[in-house]
Undergrad: 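Before I ask anything, here is the structure I am working with.
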Amino acid sequence: MTQPFDILERKRAGQGLSTDDIRAVAAGASDGSWSEAQLGAFLMAAAIHGLDGDETRALTVAMLESGETWDLAAQIPTLVDKHSTGGVADTVSLILSPILAACDVPVVMLTGRALGHTGGTADKLESIPGLRLDFDRAGCCRLLDEVGMAIGIATAEIAPADRCLYRLRDQTATIDSLPLITASIVSKKLATGASALVFDVKTGSGAFLPRQEDAESLAQLLVSTVEGLGRRSSALITDMSQPLGEWIGHGAEVLATLEALEGRGAADLMAVTYALGVEVAALAGCDRSSADLEAAVSSGRARQRFDRWAELQGAEAAWLASPECELAPIEYALEGPADGYLSGVDNRRLGMLLSDACRAGGSTIDQGVAVHYRKRLGDSVESGEELARVYLRREDPALMAAFRECFEISPEGLEPPTLLRTRITAE
């Protein structure tokens with residue numbers, strides 16, 4: 001058997017790895033036979049020298065096969081899935097799932113925790129009292145049968161190799177390696193076995209890959225990897241140069257989700273949601289228009305699906321009937337320093353500051369810490385006019401100064417960024 005030292009030595013020298021080499025890495029991550037130092041060395045070498053298409057597919061399959069696979073499309077042929085590469089105030093997954101379910105397009109999503117400056121969908125959902133996010137294959141099938149949607153977190157049996165490598169990527173500055181991102185995402189997504197998968201790949205200051213060229217490269221790699229492994233896929237490149245929607249913060253974003261399902265969603269948030277919904281429904285062979293999706297919201301069917309799913313997962317019925325989030329009590333208004341136009345938002349820093357504030361008391365997430373985003377890029381601003389409002393647990397002038405530095409005002413106007421940039425397909 002090839003030893004870890006030999007594999008690491010070849011990759012450090014920039015040489016390609018065989019399928020057996022890649023399988024050895026994944027096996028070492030899942031069974032603990034490789035140390036964290038050895039796995040970290042592999043991640044760093046892969047990030048520096050890259051993985052070619054064959055290596056990326058081999059790593060994806062090895063991580064996928066390190067655990068159980070559900071192959072749900074065998075019994076639900078039109079089952080779909082969606083994945084976002086992460087951003088600030090991105091609640092599309094939570095809004096899209098019940099909308100698709102209400103349009104008779106079944107959807108399964110295994111969500112993740114926060115990574116870097118982004119808030120994790122699972123972390124947000126846990127602001128709902130009583131809600132459980134764990135289920136096995138049988139539990140997933142029950143949810144799909146009863147309500148047409150299943151959202152949860154990956155079990156310990158799904159892609160255990162990725163569970164280990166995902167954690168180490170956050171510690172080794174290898175988060176933005178395109179092949180490692182691809183293998184991590186696709187291995188978990190294919191484990192459930194949806195028939196079609198759409199990617200929302202972000203670009204802009206709040207994205208992991210701010211440059212659009214890099215976002216397109218990732219999208220192409222994601223789509224080609226999925227299609228190469230026998231599933232339908234496409235991607236939309238969408239803007240993340242400012243928060244998506246009006247609220248940032250775990251509890252506040254869940255309330256914004258419910259408002260969106262009642263027809264009161266922010267225009268940019270709903271535009272991305274509907275575009276992704278039409279895209280993934282078409283991939284699965286279901287003809288659904290934006291009007292169909294909008295009707296699912298206006299009729300109340302989408303909100304009913306969300307509530308029913310949440311009840312089946314243990315959410316308190318009383319809270320769903322009257323949802324609330326107690327915002328942190330210390331409020332700060334971020335005001336424009338002069339007349340002009342909002343010309344820039346350091347969205348990554350904004351997300352990181354809020355993430356740090358949410359965990360200021362330790363590892364537990366403070367669900368009430370939030371930012372209400374009031375102005376959008378290109379909007380006119382008067383001196384003293386509120387750009388955003390921050391809700392914290394304590395007075396912290398230095399932190400507020402850092403929040404203010406995230407906003408740039410210019411004397412001249414600019415065109416707001418294009419929200420839906422590019423569509424990427426296997427062709």
Undergrad: Listing request: all ring-ring contact (aromatic ring centres under 6.0 Å, His included) pairs with a residue in residues 289-318, at least two apart in sequence or in separate chains.
TA: Phe306-Trp309
Undergrad: Do Ser97 and Met109 have side chains that approach each other closer than 4.5 Å (heavy atoms only, starting at C-beta)?
TA: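 Yes, at least one pair of side-chain atoms sits under 4.5 Å.
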Undergrad: Can you give each donor-acceptor pair under 3.5 Å made by side-chain atoms of residues 328-337, sequence neighbours left out, with the distance rounded to 0.1 Å?
TA:
residue : atom : partner : partner atom : Å
Glu331  : OE1  : Arg389  : NH1          : 3.0
Tyr332  : OH   : Asp396  : N            : 3.1

Undergrad: Within this structure, what is the CZ-CG distance for the pair Arg169 and Leu39, rounded to the nearest 0.5 Å?
TA: 13.5 Å
Undergrad: May I ask you to test the Tyr391-Val369 pair for a side-chain heavy-atom distance under 4.5 Å?
TA: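 No, too far: nothing below the 4.5 Å cut-off.
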Undergrad: Does a salt bridge link Asp54 with Arg57, judged by any charged N lying under 4.0 Å from a carboxylate O?
TA: yes
Undergrad: In Å, rounded to the nearest 0.5 Å, how long is the span from CG of Leu144 to CG of Leu72?
TA: 6.5 Å
Undergrad: Kindly indicate whether the side chain of Gln242, heavy atoms from C-beta on, has any atom under 4.5 Å from the side chain of Val88.
TA: no
Undergrad: May I ask you to check whether Asp31 and Ser33 show a side-chain donor-acceptor distance below 3.5 Å?
TA: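 Judged by distance alone, the side chains do pair up.
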Undergrad: Between Thr238 and Lys202, does any side-chain donor sit less than 3.5 Å from a side-chain acceptor?
TA: yes
Undergrad: Can Asp366 and Arg359 be counted as an ion pair, charged N to O under 4.0 angstrom?
TA: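 Here Asp366 does not pair with Arg359 in a salt bridge, since their nearest N and O are not under 4.0 Å apart.
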Undergrad: Side chains of Ser241 and Asn347: closer than 4.5 Å at any heavy-atom pair?
TA: no
Undergrad: Among Leu96, Val297, Leu94, whose side chain to side chain contact (heavy atoms under 4.5 Å, CB included) with Thr273 holds?
TA: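 Among the candidates, only Leu96 passes.
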Undergrad: Compute whether any side-chain donor of one residue and acceptor of the other, for Glu216 and Gln220, lie under 3.5 angstrom apart.
TA: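 No - no donor-acceptor pair under 3.5 Å links their side chains.
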Undergrad: Would you tell me whether Lys124 and Thr91 have side-chain atoms, one donor and one acceptor, within less than 3.5 Å of each other?
TA: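 The criterion, which ignores hydrogens and geometry beyond distance, is not satisfied for Thr91 and Lys124.
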Undergrad: Would you call Leu236 and Thr422 a side-chain contact if the rule is heavy atoms closer than 4.5 Å?
TA: no
Undergrad: Is it true that the side chains of Thr203 and Gln212 contain a donor and an acceptor less than 3.5 Å apart?
TA: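 Not at all, the side chains of Thr203 and Gln212 share no donor-acceptor pair under 3.5 Å.
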Undergrad: Look at the rings of Phe135 and Trp70 and say which category their plane angle falls in: under 30° parallel, 30 to 60° tilted, over 60° perpendicular.
TA: tilted
Undergrad: Hey, are the side chains of Leu100 and Val280 touching, using non-hydrogen atoms and a 4.5 Å cut-off?
TA: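 In short, these two side chains touch, coming nearer than 4.5 Å.
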Undergrad: Can a donor-acceptor pair be found between the side chains of Ser187 and Asp162 at a distance below 3.5 Å?
TA: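 Asp162 and Ser187 do not have a side-chain donor-acceptor pair below 3.5 Å.
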Undergrad: Does a side-chain heavy-atom distance below 4.5 Å link Val371 with Phe403?
TA: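 Side chain of Val371 against side chain of Phe403, heavy atoms only: contact under 4.5 Å found.
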Undergrad: Would Asp71 and Arg231 count as a salt bridge (charged side-chain N to carboxylate O under 4.0 Å, His left out) here? Give the steps.
TA: CA-CA 11 Å; Asp71 193 22; Arg231 302 291 179 176; 3.1 Å; yes
Undergrad: Which residues pass the ring-ring contact (aromatic ring centres under 6.0 Å, His included) test with Tyr373, not counting sequence neighbours?
TA: none
Undergrad: Is it the case that Ser205 and Asp346 place a side-chain donor and acceptor less than 3.5 Å from each other?
TA: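 No donor-acceptor contact under 3.5 Å links the two side chains.
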Undergrad: Atom CG in Asp214, atom CG in Leu218: separation rounded to 0.5 Å?
TA: 9.0 Å
Undergrad: Tell me yes or no: between the side chains of Ser343 and Ser410, is some donor less than 3.5 Å from an acceptor?
TA: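 Short answer, yes.
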Undergrad: Is there a side-chain contact between Lys82 and Ser93 in this structure, where contact means two heavy atoms from C-beta onward sitting under 4.5 Å apart?
TA: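 The answer is yes; the side chains approach within 4.5 Å.
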Undergrad: So how far is it from Ile424 CD1 to Ser233 OG, rounded to the nearest 0.5 Å?
TA: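 One finds 11.0 Å between CD1 of Ile424 and OG of Ser233.
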